[in-house]
Amino acid sequence: IRHILIGMLICFLLYMFYVFYNNYVVNSYTYSLRLKGFLNYWNLVKDNLYYLFFGYADHMYVSGIDYNIMFKTIFGKDSSTEIAYLNILIKSGLCGMIGFVIIFIDYFKQIKVLDEKTKNIGLAILFSLTLSGFVETYLVSIHLVYGVYCYFILSGLCEMNKLNNKAMEE
């Protein structure tokens, strides 16, 4: 029965992605700009492994020139930087993306062992933060309060669990 439920969940998620794509992405000018940023990024890095693995930070942070202006100069005026994962790839390449994945896997492992109520809160925050990376830069920007507070709460939950475990051992 568990496999059936997992299969149904996967089908439901695929259907929701289909609905989201057809109703929002296709009809949204701003989201199409975000996806165009990914496509333009891929077209630039697919033949250059150095930039694929290490990113464009050396080109993006030219003294005196705004990051968004440099982005549009390199990746095209029909692109947007509002997807956090694209920002990670541009600034740090796959090395930076691997670092973020490791951090989130570590959060997930620490949250899995919490008590049920705290685990649900931690998972909700973790998933909302990772999903928001597809539409906004909360994941990587310290200018937006939501991401910063999510990291604070996740770290607090994980540290609280470590302290509770240490107290139980004594």
Side-chain angles (χ1 to χ4, degrees), residues 1-28 30-35 37-38 41-42 45 52-57 60 67-68 71 80-170:
I1 194 155
R2 183 176 182 187
H3 296 298
I4 294 172
L5 290 175
I6 291 172
M8 289 174 57
L9 178 65
I10 290 171
C11 290
F12 176 74
L13 291 174
L14 288 172
Y15 176 74
M16 292 307 295
F17 176 77
Y18 172 79
V19 169
F20 172 76
Y21 184 81
N22 283 329
N23 292 331
Y24 297 103
V25 174
V26 173
N27 297 322
S28 171
T30 59
Y31 205 79
S32 65
L33 287 178
R34 295 170 186 169
L35 292 179
F38 261 121
Y41 169 78
W42 176 249
V45 301
L52 178 64
F53 285 105
F54 299 109
Y56 275 87
M60 298 304 292
Y67 173 81
N68 288 319
F71 175 85
S80 174
T81 62
E82 294 176 358
I83 296 180
Y85 302 110
L86 178 59
N87 274 306
I88 296 168
L89 288 170
I90 289 170
K91 295 174 184 174
S92 311
L94 288 177
C95 290
M97 187 63 78
I98 290 168
F100 267 87
V101 169
I102 289 169
I103 290 169
F104 279 89
I105 287 173
D106 186 54
Y107 274 135
F108 183 74
K109 286 179 181 177
Q110 291 185 49
I111 289 170
K112 270 189 356 186
V113 298
L114 298 172
D115 64 88
E116 197 64 31
K117 183 178 179 183
T118 310
K119 178 170 55 173
N120 290 339
I121 292 169
L123 288 174
I125 292 169
L126 183 65
F127 288 138
S128 71
L129 185 60
T130 55
L131 289 176
S132 73
F134 290 105
V135 293
E136 274 298 336
T137 59
Y138 300 137
L139 191 68
V140 295
S141 180
I142 62 169
H143 299 86
L144 303 168
V145 176
Y146 177 75
V148 175
Y149 280 118
C150 284
Y151 285 120
F152 284 155
I153 293 168
L154 287 171
S155 296
L157 290 174
C158 295
E159 285 301 313
M160 181 180 68
N161 184 51
K162 289 178 187 176
L163 291 173
N164 286 343
N165 288 341
K166 191 181 281 187
M168 292 172 92
E169 289 174 3
E170 295 173 355

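This chain uses plain numbering: 1 for the first residue, then up along the sequence. In this text the structure is predicted, and so the values were computed from the model without any measurement.
- Note that CD1 of Ile153 is 4.5 Å distant from CD1 of Ile125, once rounded to the nearest 0.5 Å.
- Considering all non-hydrogen atoms of both residues, Met97 and Leu89 come closest at CE-CG, 3.7 Å.
- Atom CD1 of Ile88 sits about 12.0 Å away from atom CD1 of Ile98, to the nearest 0.5 Å.
- The CG atom of Asp115 lies 9.5 Å from the CG atom of Leu157; values are rounded to the nearest 0.5 Å.
- Looking at every heavy atom in both residues, Lys112 comes nearest to Lys119 through O-CD, 3.5 Å.
- Between Ile6 atom CD1 and Cys11 atom SG the span is 12.0 Å, to the nearest 0.5 Å.
- Within the model, atoms CZ of Arg2 and CD1 of Ile4 stand 13.0 Å from one another, a figure rounded to the nearest 0.5 Å.
- Closest heavy-atom contact between Gly147 and Leu129: CA-CD1, 4.0 Å.
- Identified under the ring-ring contact (aromatic ring centres under 6.0 Å, His included) test for residues 82-118, with sequence neighbours left out: Tyr85-Phe134.
- Among all heavy-atom pairs drawn from Gln110 and Cys158, the shortest one is OE1-CB, 2.8 Å.
- With contacts defined as side-chain heavy-atom distances shorter than 4.5 Å, the pair Tyr149/Leu154 does not qualify.
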> For Tyr56 and Val45, what are the C-alpha separation, side-chain angles and deciding distance, and is it a side-chain contact (heavy atoms from CB on, under 4.5 Å)?
Replying inline: CA-CA 10 Å; Tyr56 275 87; Val45 301; 3.5 Å; yes
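- Distance check, rounded to the nearest 0.5 Å: CD1 of Ile103 to OH of Tyr151 gives 7.0 Å.
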>> Go through it in stages, so that I can follow the logic: the residues are Thr118 and Met160, the test is side-chain contact (heavy atoms from CB on, under 4.5 Å), and I'd like the CA-CA distance, side-chain angles, deciding distance and then a yes or no.
In response: CA-CA 10 Å; Thr118 310; Met160 181 180 68; 3.8 Å; yes
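- Counting heavy atoms of neighbouring residues, nucleotides and ligands inside a 6.0 Å radius, atom CG of Leu13 exceeds 12 of them.
- With sequence neighbours excluded, the residues forming a ring-ring contact (aromatic ring centres under 6.0 Å, His included) with Tyr146 are Tyr138, listed by chain and number.
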